[in-house]
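Indexing begins at 1, ligand by ligand and atom by atom, following the structure's order.
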Amino acid sequence: MFSVNPIKAFSDNYIWLLTTNEGSIVVDPGEAVKILDLIDKDKINLQGVLITHHHFDHTSGLGDLINKKLVDVYGPENNIIEINKRVKDLDQISVLGIDFEVIEIPGHTLDHIAFYAFNDNNPILFCGDSLFAGGCGRVFEGTYEQMFNSLKKLSSLPSNTKVYCGHEYTLSNLKFALEVDIQNKYLMDEYKHILELSKSSTPSLPTTIDKEFKVNPFLRCNDPFIKNKIKKEFGIEGNELETFTALRKWKDNF
Ligand SMILES: [Zn+2]
């Protein structure tokens, strides 16, 4: 038995709280205050931390957490000194009795990794700021090709994989997606659904790989309608990577 719940941080970050009968871990603690409160009130037994990339809004709570309880902090090679278990592509780690595989997914940052667990055919993915519901992260440090390949890796995971992203960006992502892929009936229905959720500030996550193939334009760059849209907007008639690159640049200025 396990559960995954969001802890909201800053304006739109999610710190994911994974709990089993062995305890809890948190993913990307940008802030510590709500987690410390749960520890103080004996609501959770913190056993570890997973870090997907070095950005402050995913790591700034680490110092306070470690001061409170020295636990294993798994993360990539970077400048975050609180990470005490460095991991790299294809490493296997076991936390709370769940076996995770590390997947390197550069693009948003060069150090970006994801944590994937098959979990008895109940697969889960913590992917930070790479794949988002209806979109993908900005390319800050890597190349567009790296980001494209990273999304290919993630989207090759089982279609029922539950995807826990680092931010609540779904509504704005789907607005952009509709601009690109207006004839997509499934996307329109999903937009209406997420719009309803947003009215009560209900988290739209997790999403699934299966759903992302239906709504996320960044996973649909081979779709003839989207290719044609990019040709009409920018005069670019290229392969899937070139379509992806044009789409990501368009979103940057949307
Ligand atoms: Zn980030």
Side-chain angles (χ1 to χ4, degrees), residues 4 6-18 25-35 49-65 73-83 85-89 100 102-116 124-155 163-174 176-177 203-207 212 216-219 244-245 247-254:
V4 184
I7 298 173
K8 293 184 181 182
F10 305 111
S11 59
D12 49 32
N13 278 75
Y14 288 128
I15 300 163
W16 294 106
L17 174 68
L18 169 63
I25 61 165
V26 290
V27 184
D28 286 353
E31 291 179 323
V33 54
K34 290 178 186 168
I35 304 164
V49 179
L50 306 182
I51 296 291
T52 62
H53 66 296
H54 68 83
H55 281 160
F56 82 96
D57 59 324
H58 297 251
T59 55
S60 292
L62 275 176
D64 287 344
L65 285 183
V73 180
Y74 295 92
E77 200 59 57
N78 57 24
N79 61 345
I80 304 297
I81 55 171
E82 292 91 352
I83 294 173
K85 300 272 181 187
R86 301 284 172 179
V87 292
K88 59 183 189 317
D89 203 28
F100 284 94
V102 175
I103 307 172
E104 286 182 0
I105 45 168
H108 176 69
T109 61
L110 287 174
D111 69 333
H112 208 306
I113 58 172
F115 295 89
Y116 167 72
I124 55 176
L125 174 73
F126 297 108
C127 60
D129 294 354
S130 54
L131 176 61
F132 286 123
C136 72
R138 278 178 191 258
V139 177
F140 283 126
E141 295 176 5
T143 64
Y144 290 92
E145 186 168 10
Q146 282 177 321
M147 189 59 150
F148 176 78
N149 289 330
S150 294
L151 295 180
K152 284 277 179 199
K153 275 191 192 178
L154 297 182
S155 59
V163 180
Y164 296 90
C165 325
H167 290 267
E168 180 61 64
Y169 287 161
T170 314
L171 189 63
S172 63
N173 281 342
L174 293 183
F176 174 72
S204 64
L205 302 173
T207 182
E212 290 313 303
N216 192 327
F218 294 97
L219 300 188
F244 171 82
T245 302
L247 194 61
R248 184 56 260 183
K249 288 179 176 170
W250 184 7
K251 175 73 164 54
D252 285 347
N253 299 304
F254 186 68

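At a cut-off of 3.5 Å, with distance as the only test, a side-chain donor of H54 or E141 sits close to an acceptor on the other residue.
When the options L18, L17, L62 are evaluated for a side chain to side chain contact (heavy atoms under 4.5 Å, CB included) with V26, the one that passes is L17. With respect to L205, the side chain to side chain contact (heavy atoms under 4.5 Å, CB included) criterion is satisfied by exactly one of F132, Y14, Y169: Y14. Screening D64, V73, L65 for a side chain to side chain contact (heavy atoms under 4.5 Å, CB included) with P29, the sole residue that qualifies is L65.
Remark: the backbone N or O of G134 is paired with a side-chain donor or acceptor of E212 at under 3.5 angstrom.
Taking the six-membered ring where tryptophan is involved, the planes of F254 and W250 are perpendicular, since the angle between them exceeds 60° and thus also 30°.
For the Zn ion (ligand 1), protein N/O/S neighbours under 2.8 Å (waters excluded) are H53 NE2, H55 ND1, H108 NE2, D129 OD2.
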